[in-house]
Amino acid sequence: MSDGPYDEREDDSAHLAVIGMACRFPGADGLDAFWRNLTDGVDTVTRSVPRPVPGGATGPAREYVPARGLLKDPEWFDAGYFGYSPREARIIAPQHRVFLECAVEALDHAGYDPERHPGAIGVYGGGTDTAYAQLLRQPGSVPAATDMEILLGNAVDYLATRVAYKLGLRGPAVTVQAACATSLAAVHTAAQALLAGDCDLALAGGVAVHAPAKSSPYVEGGIIAADGVCRTFDAAAGGTVGGDGVGIVVLKRLAEALADGDHVHAVLRGTAVNNDGSDRIGFTAPSVEGQAAVIRDAQYVAGVDPATVTYVEAHGTATPLGDPIEIAALTKAFGTGPEDREVCRIGSVKTNIGHTDAAAGAAGLIKTVLALEHATIPRSLHFDEPNPQIDFAAGPFRVATRTEEWRPHGIPRRAGVSSFGIGGTNAHVVLEEPPAPVAADPADPWQLLVLSARTPAALDAVTENLAAHLRARPELPVADIAWTLQSGRRVHAHRAYAVVGGRAESLRVLSGEEGARPAGSRGPSGARPVTFLFPGTGAGGSGEVRRLYGAEQAFRRAVEECHAAAAPHLGAAAAEALRRGGTHTHPGPPAQCPVAAV
């Protein structure tokens with residue numbers, strides 16, 4: 001570790017936890033598919049995208065690059081789930097729809113039901129300009145759609161507030177706009193709100209979905225590569241390729257996440273946002289000083305020595321101007337450091353999915369969180385020969401040319417993520433590997449799995465998805481899954497449950513093997529009375545009490561309280577029998593003092 005301002009600080013109160021995520025990126029409709037594509041080194045850009053159909057005055061002829069990172073079926077939307085009519089849903093822009101759906105998925109992934117969460121939940125995010133509103137104004141598009149309806153359904157001003165309205169979130173709901181830096185700037189804004197106490201849980205991210213899909217115009221010297229391939233840091237780099245996507249993370253104060261038993265995917269140690277000001281050759285040009293400053297600021301807030309950061313997810317647009325400036329800024333921020341410092345791998349998710357505009361920072365962030373959690377650095381694609389304008393030898397950075405295990409020597413896994421917007425806004429965050437999980441008390445092998453959905457078909461799908469989730473993650477305790485299903489999911493009208501005796505039986509019941517199926521019911525959700533069944537004097541046996549006493553912490557605590565209260569009145573032997581779950585004959589009237597299981 002170097003001396004100076006980077007004093008290692010282990011104060012959990014200054015750090016945040018990433019406890020949930022959701023995404024849709026080209027070639028991936030969720031986290032698992034996204035991570036699989038990254039580790040397999042798959043380029044998911046579509047290279048048969050039609051050019052736009054001109055309307056009105058066409059102007060001069062333009063060349064278009066028939067390549068774009070596209071989402072699968074972005075127009076599909078479960079309108080009924082959110083209480084929208086088909087007409088209302090059609091007026092809402094696709095990027096608003098997928099952002100709303102991913103907000104639900106992110107909270108589910110974090111294990112929180114907003115209807116039951118006692119604290120304030122904030123939402124911070126931004127989108128991009130699309131042509132969808134113009135489509136709605138065409139004759140015959142949507143019957144009687146007013147200008148106000150089109151505005152509310154399409155303007156980015158209402159992206160965050162729509163989520164708050166439909167999910168019942170009472171924390172701040174703020175749209176953040178900073179061009180390509182939008183989603184990482186939203187993460188910074190959410191982090192500041194959490195540390196200030198404005199909310200207790202925060203969703204942060206960004207979205208860009210262009211409808212209809214169209215290819216990007218090619219401009220000599222612009223940011224779009226003529227061949228539709230993003231070759232970040234490569235000698236043949238000629239620009240990036242457009243892409244659509246959405247990414248959202250759920251953040252919480254780290255100390256509270258650990259105390260509440262949340263699954264921490266990564267630690268968010270520090271964030272920073274600044275602007276280049278006028279220190280650049282033009283409004284759209286980047287600045288070495290501005291980028292270096294924001295990286296140093298984030299590292300200072302994080303309290304980490306840059307020599308301990310062993311991966312950087314770069315902005316990495318593969319432009320002739322942008323890539324050399326980014327590496328120069330990183331080198332300036334990281335410094336020379338000790339000679340024996342770890343090599344810092346560097347890469348860009350844009351080589352896989354294209355430049356997802358307002359969602360670009362979220363794409364890089366989610367990629368890096370997954371890399372930290374899996375202890376694996378995915379390779380950056382389309383890199384064969386270093387750009388001769390980049391002085392890699394001056395710093396510790398080496399392009400990740402292969403997917404490799406991430407095991408730095410004697411230091412935790414740490415990473416930086418950068419996102420820079422046209423207009424000069426720069427954002428950088430510092431992440432760290434999640435803390436080692438605390439060993440839980442042994443759980444009762446019998447668990448209650450509860451499922452619910454709005455329709456019978458959706459309930460079947462939820463059941464099948466849970467079975468697939470269990471198969472794919474054999475390490476997950478059934479008790480943890482049961483707890484999340486009971487406490488971290490909204491309750492809908494169509495419900496099912498199953499009492500299972502372990503993992504094998506869970507899979508058997510959820511998969512419908514041997515005729516086994518969860519029991520179902522339908523009715524309005526709400527609190528139900530609890531009925532206590534006592535087996536009677538002397539019935540039930542003491543074995544069940546002993547089993548519960550040994551396996552269930554809450555039951556054991558209650559018995560100990562009863563033991564302490566009864567000892568002065570029953571005598572030591574009777575009180576001990578109470579704790580052990582047996583019966584004891586009291587020396588005086590009444591003749592017998594039975595103690596039975598609940």
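Source: prediction; values computed, not measured.
Contacts of Y84 classified as ring-ring contact (aromatic ring centres under 6.0 Å, His included), with partners at least two apart in sequence or in another chain: none. With sequence neighbours excluded, no residue satisfies salt bridge (charged side-chain N to carboxylate O under 4.0 Å, His left out) with R557. Listed by chain and number, the residues in a salt bridge (charged side-chain N to carboxylate O under 4.0 Å, His left out) with R413 are E433 (sequence neighbours excluded). For H469, there are no ring-ring contact (aromatic ring centres under 6.0 Å, His included) partners at least two apart in sequence or on another chain. Under the salt bridge (charged side-chain N to carboxylate O under 4.0 Å, His left out) criterion, R36 pairs with no residue at all, not counting sequence neighbours. With sequence neighbours left out, the ring-ring contact (aromatic ring centres under 6.0 Å, His included) criterion links H494 to no other residue. Remark: S511 engages A467, R471, E513 in a side-chain contact (heavy atoms from CB on, under 4.5 Å) (not counting sequence neighbours). Among residues two or more places apart in sequence or in another chain, the ring-ring contact (aromatic ring centres under 6.0 Å, His included) test is passed with H188 by none. Looking at residues two or more places apart in sequence or on another chain, you find no salt bridge (charged side-chain N to carboxylate O under 4.0 Å, His left out) involving E561.
Of the possible donor and acceptor atoms, none in the side chain of S380 sits under 3.5 Å from a partner among the backbone N and O of A400. The backbone N or O of T376 sits nowhere less than 3.5 Å from a side-chain atom of T403 that would complete a donor-acceptor pair. A donor-acceptor contact shorter than 3.5 Å links the side chain of T351 to the backbone of L381. Under the 3.5 Å distance criterion, the side-chain polar atoms of D113 are matched with a main-chain donor or acceptor of E115. In this structure a side-chain-to-backbone donor-acceptor pair under 3.5 Å is present from H109 to M21.
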field: Steps toward ring pair (Phe, Tyr, Trp, His ring centres under 6.0 Å) verdict (Y81, H492)
entry: CA-CA 10 Å; Y81 182 91; H492 299 287; 5.5 Å; yes

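Considering only heavy atoms from C-beta on, V430 comes within 4.5 Å of V304 through its side chain. The side-chain heavy atoms of W446 and E505, taken from C-beta on, include a pair separated by under 4.5 Å. Annotation: side chain of L448 is in contact with side chain of V499 (closest heavy-atom distance under 4.5 Å).
Pairs passing the side-chain hydrogen bond (donor to acceptor under 3.5 Å, both in side chains) check and including a residue from residues 17-26, sequence neighbours excluded, read R24-E101, R24-E105. Sorted by first and then second residue, the salt bridge (charged side-chain N to carboxylate O under 4.0 Å, His left out) pairs with a member in residues 358-373 read E313-K367; sequence neighbours excluded. For residues 186-202, the set of pairs meeting the salt bridge (charged side-chain N to carboxylate O under 4.0 Å, His left out) definition, not counting sequence neighbours, comprises D200-R253.
Interatomic distance, CG of L365 versus SG of C23, reported as 11.0 Å (0.5 Å rounding). Taking CG from L459 and CD from E464, the interatomic distance works out to 10.0 Å, rounded to the nearest 0.5 Å.
Only one option out of E404, H409, E405 pairs with R407 in a side-chain hydrogen bond (donor to acceptor under 3.5 Å, both in side chains); it is E405.
Counting non-hydrogen atoms of other residues, nucleotides and ligands closer than 6.0 Å to CZ of R454 gives a total above 12.
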